[in-house]
Amino acid sequence: MSTLKTGVTNVMGANGGTPVEYQRVYVWELPVRVYHWINALALVLLCVTGFLIGHPVRIAYAQEAYQQYWFGWVRFIHFAAAYVYVFNFVYRLYWAFVGNKYATWNNFLPLTKKQWQEIADIIMVDVLQVKKHGEIATGHNALAAFSYFFTFVVFCFQTVTGFALYSSMSDSWFPRLFTWIVPLMGGELAVRFWHHLFIWFFVFFVIVHVYLSFYHDYIEGRGEVSVIVSGWKFGKFDKVESDGEPRKQ
Amino acid sequence: MATRVVVDPVTRIEGHLRVEAVVENGVITDAYSAGTMVRGIEKILIGRDPRDAWAIVERVCGVCTTVHAQASVRAVEDALGISIPPTAELIRNIMQATQYVQDHVIHFYHLHALDWVDIVNALKADPRKAAELAASYSKWDKNTASYFTAVQDKIKAFAASGLGIFANGYWGHPAYKLPPEVNLIAVAHYLDALEWQKQIIKIHAVFGGKNPHPNYLVGGVPCSININEVNAINSERLNLVSQLIGQADEFVNQVYIPDLLAVASFYKDWARYGGGLANYLSYGEFPTKGYNHPESFKYARGAVLNRDLSTVYPVNPRDGQEIKEYIAHSWYTYAEGDNTGLHPWAGETNIAYNGPQPPFESLEGYSKYSFLKTPRWKDNAMEVGPLARLVVAYASGQSDVKELVNATLGKLGVPVGALFSTLGRTAARGLDCALAMSWLKEFNGELQERVKINEVSTFNAEKWDPKTWPAEAEGVGMIDAPRGALAHWIKIRNGAIENYQLVVPTTWNGSPRDARQQRSAFEASLIGTPVANLEQPVEIIRTLHSFDPCIACAVH
Amino acid sequence: MGDSIWQSMQQKGYSRREFMQLCSAAAAAAGLSKSAVGQVASAFEKKAKPPVVWLHYQECTGCSESFIRASHPVVADALLDVISLNYSETLMAPSGFQAEKSLSDTIANNKGKYILVVEGAVPTKDGGVYCMVAGKSALQSLKTVAKDAAAIIAWGSCASFGGVQAAKPNPTEAVAISKIVDKPVINVPGCPPIADVMMSVVTHILVLGQLPALDSQGRPKEFYGRRVHDTCYRRPNYDAGLFVESFDDENARKGYCLYKLGCRGPVTYNACSVTRWNEGTSNPIQSGHPCIGCSEDGFWDNEPFYQHLASFPGFGIESTADTLGTAVGVATVAGVAAHAVLTTIRKRSVIAEVHAEDHKES
Ligand code: HEM
Ligand code: HEM
Ligand code: NFV
Ligand code: SF4
Ligand code: SF4
Ligand code: F3S
Ligand SMILES: [Mg+2]
């Protein structure tokens, strides 16, 4: 399934003249990149419009209500973006089963001992910085992937609470699936409260996420930022495994 | 031989009242008044936003709805030093006067009348004679023979199909003294009053959005006035209010007051019973120049002791020695011991039931026997309510009150002393209603004047934001509610309620004994009342109803 | 008792035409179409005036007061002609054990036929001693009276959801009546509910002999299927983003939307915008005060009322989700900045290695 394209340049390695393969690796397939940017755009829209719904700004007041509809548009954009965001996410879930090895679902759950070791390693190297070198992942590192898992859970939570709120304004089938959430959570105000609160998770996530993208790019110099646009990453690999994937020693 | 007569539930009141009266040789020699439901609202208020308190305390009672809301906004405004715009004060006065009028009419017809009016006996009346009789004391044009015939037919059919709410009443008891025609007139007006009460109360809906439980606001009133806008209090709304006031005026003066006097004239013996306490307390009501100027109130503030009308004592709610609540016989505990009295700013609400486990037959032998606390003014048991308001206003020399009281006593041909009784209390409520009615018209006229000159501000926003508040503040909101002196004491700390205590009219009147075993008004007034038939304690009910008890208020 | 409504009207000299008028009024009140009038008429003809028992527990009597503000049918007619209100502590003539007799007679003579309506919550703490009537706890009496009731209606937010006494810290452990009885309960929330809604729920049951359609919270869909906001006459202002910023400001005087003053209309199911209050005189929003959500479960704890969302627990009285959020946001930026500084210091050698390799390559 996964395609590996390598552009190989032979250079002298840092230690003792061992040859190092300097490779381009196709990591994020087009569907993942498309998903990523649609998701990023939808989320930014949802956060901005959501915040406005919670805190309508005082803009130039019209004389009469029929002369403008700005708050209506804000809400419309929120709901439209919500649909895009949700179905985009559903599509990403599908790709988690058919995409390349970097995109599959098992990246996101640390089910193996190796993944847990990697998490511990990343905490030592990148977070606490008490260790100098560690394994550099080609796809998601195990900690990032695990944090995306929680992000996906929050995505689901916002979807469920959002559509639960939306169900009182819509008779269409999809929102109606969520009506039972409202009494379960203790009424619409409670649902709104939680839905509103989690905007702050996204603020938190985006700050950390974007920062870490640049951080890794800066530290590792492997095109961590551009990869989510182009799909390609750079790697310095000592050898290529029998499955055709590059491996660092 | 002494018999303990238990009346529980006492009906045609608000709330859960139980009275146990000791009857010896057909006369009551002692009585115990117990409130048997508690919600703990004072505890629920702690930690909340003071600006929300009005809504919560308003739910203390849906019968005198608005009065707790009003007391609460006054308490918060007092604590934070907020003064409200004069137009807001007028609107609040209109709402309050409306409450007096509506509450008193309902009380007379729907809660009290059946103690004096024998509904079954009304079937014997001659409708034509009833019409003639009614015409002799009232100009109400609905009082015709055909109208009384229709009502009689209605009751006849109703009686034939079972009596519903009137079943098992004390009909035929010798204590009922009215001739059949008066009974019929009263029953007809019972039904009319049922329809009328929902009209006048629309005034609350206009300014507060709904009734029961209209909206209030710390700093003013929530409605805005704009006579060039359909979305605000405009000329249509003002017209509606004026029209409702006009209708109410007619009903009060052509139906309620005439009926009250007609009924009273047959029960003058009840001017001998039910006097009870001799001390009266009123906080005064209807500010005309702001809450902090009680000298401008329509009803004076003060206390009268031992029925001595020559002296009115000033009342200071902030003085830790004046108003205190005791719990010696109530199902609560105080940290300092159950015999101490606490000023409400230092008040505690530690509910601690130690009575019998239900189901039980009697509270006899239990030292604590009620969920009401026992308020005292300078350690005196005080009566509050319309009678107390009139007594304090009369003794303060307020001329409109004096004239009306004297004229009424003259009409009934009874001395001033007759006021201090079951009958006097019921008559006082009527006069209170008539006064409130006349002031209601006055306030409405003033409101129209203010709108004319575009003085329409209804809210003072200065201290709305909690950031403008001091770290600590305390206030008291006093009001004379339909049933009497009501006040809320609040302590605010860091923007939240630290303590909140309500001392309510029916708490004054209906409480158990205090630490010195002094009885409160209900218990004291029952002593000496005759009870002809222990199975049908209509006399007990008469005296209790003369206070218009509200136990949800009293306990909260 | 025992007579049908038609019979009792005949005795009073009403004509058949007048009877049919009453039926169509009742049908209209119950929200039925014209075609249902025939059904109504036959229900009235066949059935005796249904006995109604009205119990009060932890309550303020505001629901009773609201009920008597009903206008169609008018209350006097409802009390005399439509129902047989056999027990109501607020209105009944007898007190004490004669009152108890009215109750026990009604139960004994109408097993399975009477309608039980309850106003108020039931305290459950300490065996229910916080509400006692005639020496019995609310817990005890509710179970007894509910046993043989044909239908049970919970009036108001107290009986439906626990109400004000169940607000934190719920000192008496007050609960909704549906938590006590093991039968279906029709919840008619509101503090109080709208008069004509109450009357219509009663006529709905008595006219059709069946329960109205209920939602998952036991509320008649007829009156609780829409949010106050959905049919609010200020809604165009909401959509246009025209908001009242402060009470009695210029915008308030123009009747703009009350959302920013904390209006709970968008999260509250009630008929206030449509049926309105006191014979259609007004509703809270029309008179300038935001909806406080008085028909919602637990609304007393959705405080503060003048804020769009409830405050965030543990962050003080005016705190919102955004108070917490801002704290998280600031902490995040600070954390990221600290990490960046740490990186430039501690990763200097790592970055140097990368550069060194690059130099070697070229
Ligand atoms: C995932 C990111 C999302 C964020 C950050 C977000 C944020 C917000 C915020 C802050 C509010 C204002 C709440 C308030 O203060 O009352 C809001 C309202 C709302 N959101 Fe979202 N939301 C998201 C996703 C969704 C989704 C997927 C839906 C699904 C339809 C949705 C539907 C709604 C609805 C219906 C409202 C109420 C709008 C109204 O009453 O006009 N949201 N959202
Ligand atoms: C609102 C903004 C954004 C959101 C919500 C967001 C969300 C996400 C999510 C959910 C993933 C996991 C993708 C997957 O496996 O399907 C991801 C991966 C990634 N994103 Fe973003 N992203 C945002 C902005 C950005 C920006 C601005 C950059 C570039 C500077 C970026 C760079 C990356 C990279 C490089 C990855 C993959 C590497 C990794 O495993 O960490 N993202 N992002
Ligand atoms: N007692 C009392 Fe009230 C009155 N009036 C309150 O303050 O009745 Ni419900
Ligand atoms: S629901 Fe509201 S109005 Fe009804 S009894 Fe409870 S507090 Fe009173
Ligand atoms: S006033 Fe309240 S209910 Fe009406 S539109 Fe505005 S937010 Fe909605
Ligand atoms: S406060 Fe209650 S009365 Fe209606 S508008 Fe809101 S539900
Ligand atoms: Mg108190």
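Lettering follows sequence order; numbering is per chain, from 1. Computed from a predicted model, the values in this text were never measured in an experiment.
No other option in C:H289, C:H56, C:K136 has as many heavy-atom pairs under 4.5 Å with chain B as C:H289. Among the candidates C:P284, C:G255, C:A138, C:G288, the residue making the largest number of heavy-atom pairs closer than 4.5 Å to chain B is C:P284. The residue among B:P466, B:G40, B:G35 with the most heavy atom pairs within less than 4.5 Å of chain C is B:P466. Annotation: maximal heavy-atom pairing with chain B below 4.5 Å, among C:R234, C:E100, C:E59, C:Q286, occurs at C:E59. Of the listed residues (B:P537, B:A55, B:A34), the greatest number of heavy-atom pairs within a distance under 4.5 Å of chain C belongs to B:A55. Of all the listed residues (B:T349, B:V206, B:V5), the one sharing the greatest number of non-hydrogen pairs under 4.5 Å with chain C is B:V206. Considering only heavy-atom pairs separated by less than 4.5 Å from chain B, the leading option among C:N170, C:L139, C:V129, C:V164 is C:V129. For the options C:P192, C:A99, C:A252, C:G128, heavy-atom pairs under 4.5 Å to chain B are most numerous at C:P192. Contact count versus chain C (heavy atoms, under 4.5 Å) is highest, among B:S362, B:A167, B:C64, B:A552, for B:A167. Most heavy-atom pairs under 4.5 Å with chain C: of the set B:D52, B:L114, B:V6, B:I13, this distinction falls to B:D52. Note: C:A134 leads C:A134, C:C131, C:A76 in heavy-atom pairs under 4.5 Å with chain B. Residue with the most contacts toward chain C among B:N226, B:N168, B:L191: B:N168 (heavy-atom pairs, distance under 4.5 Å).
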### Task
Please step through side-chain contact (heavy atoms from CB on, under 4.5 Å) for the pair C:E89 and C:S64, ending with a clear verdict.
CA-CA 10 Å; C:E89 283 155 28; C:S64 298; over 6 Å; no
### Query
Which is it for C:E279 and B:K202 under the salt bridge (charged side-chain N to carboxylate O under 4.0 Å, His left out) test, yes or no, and what are the steps along the way?
CA-CA 8 Å; C:E279 293 190 336; B:K202 287 178 182 169; 2.6 Å; yes
### Query
For C:R69 and B:N211, what are the C-alpha separation, side-chain angles and deciding distance, and is it a side chain to side chain donor-acceptor pair (under 3.5 Å)?
CA-CA 9 Å; C:R69 312 279 193 266; B:N211 173 281; 2.8 Å; yes
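With a 4.5 angstrom heavy-atom cutoff, C:A70 touches chain B only via backbone atoms. In this structure, the portion of C:Y233 lying under 4.5 Å from any heavy atom of chain B is its side chain and not its backbone. Interface remark: B:A461 contributes side-chain atoms only to the contact with chain C (heavy atom separation under 4.5 Å). Both the backbone and the side chain of B:S457 come within less than 4.5 Å of a heavy atom in chain C. Contact of C:R276 with chain B is not made at all, since no heavy-atom distance falls under 4.5 Å. For B:T458, the parts sitting under 4.5 Å from any heavy atom of chain C are the backbone and the side chain alike. Both the backbone and the side chain of B:L194 come within less than 4.5 Å of a heavy atom of chain C. For B:L240, the part lying under 4.5 angstrom from a heavy atom of chain C is the side chain only. With a 4.5 angstrom heavy-atom cutoff, B:F360 touches chain C via backbone and side-chain atoms both. Interface remark: B:N350 contributes no atoms to any contact with chain C (heavy atom separation under 4.5 Å). Contact of B:E58 with chain C is not made at all, since no heavy-atom distance falls under 4.5 Å. Both the backbone and the side chain of C:L91 come within less than 4.5 Å of a heavy atom in chain B. Looking at C:S141, there are no atoms closer than 4.5 Å to chain B (heavy atoms on both sides), in backbone or side chain. Contact of B:Q102 with chain C is made through the side chain alone, with heavy-atom distances under 4.5 Å. Proximity to chain C involves both the backbone and the side chain of B:I56, based on heavy atoms less than 4.5 angstrom apart. Only the side chain of C:Q140 has a heavy atom closer than 4.5 Å to any heavy atom of chain B. Residue B:V555 does not touch chain C at all, counting heavy-atom pairs closer than 4.5 Å. Heavy atoms closer than 4.5 Å to chain C are found nowhere in B:I540, neither backbone nor side chain. Residue contact with chain B, scored on non-hydrogen atoms closer than 4.5 Å, is absent for C:A174. Of the atoms belonging to B:Q199, it is side-chain heavy atoms, and not backbone ones, that fall under 4.5 Å from chain C. Of the atoms belonging to B:I44, heavy atoms from both backbone and side chain fall under 4.5 Å from chain C.
Taking each heavy atom of B:C223 and B:I233 in turn, the nearest pair found is CB-CG1, 3.9 Å. Across all non-hydrogen atoms, the minimal contact from C:S84 to B:G164 is OG-CA, 4.0 Å. In this structure, C:S246 and B:F459 approach most closely via the heavy-atom pair OG-CE2, 3.9 Å. Closest of all the heavy-atom pairs between B:I551 and B:H16 is CG2-O, 3.5 Å.
The side-chain heavy atoms of C:W277 and B:H204, taken from C-beta on, include no pair separated by under 4.5 Å.
Taken from OG in C:S311 to CG in C:N302, the straight-line distance is 9.5 Å, to the nearest 0.5 Å. We find the SG-CG distance between C:C232 and C:N237 to be 8.5 Å, quoted to the nearest 0.5 Å. Here the CG atom belonging to C:N270 is positioned 6.0 Å from the SG atom belonging to C:C294, to the nearest 0.5 angstrom. Taking CH2 from B:W196 and CD1 from B:I201, the interatomic distance works out to 8.0 Å, rounded to the nearest 0.5 Å. If you take NZ on B:K43 and CG on B:L45, they are separated by 12.0 Å, rounding to the nearest 0.5 Å. B:C550 SG to B:L17 CG: the interatomic distance, rounded to the nearest 0.5 Å, is 10.5 Å.
Residues C:Y306 and C:F247 bring their aromatic ring centres within 6.0 Å.
Side chain to side chain, C:E65 and B:T65 fail the donor-acceptor criterion of an N or O pair below 3.5 Å. For C:S273 and C:N283, the side-chain atoms include no donor-acceptor pair closer than 3.5 Å.
Using bins of under 30°, 30° to 60° and over 60° for the plane-to-plane angle, the ring pair B:F166/B:Y190 lands in the perpendicular bin.
Between C:D249 and C:K254 there is no salt bridge, since no side-chain N of the basic residue sits under 4.0 Å from a carboxylate O of the acidic one.
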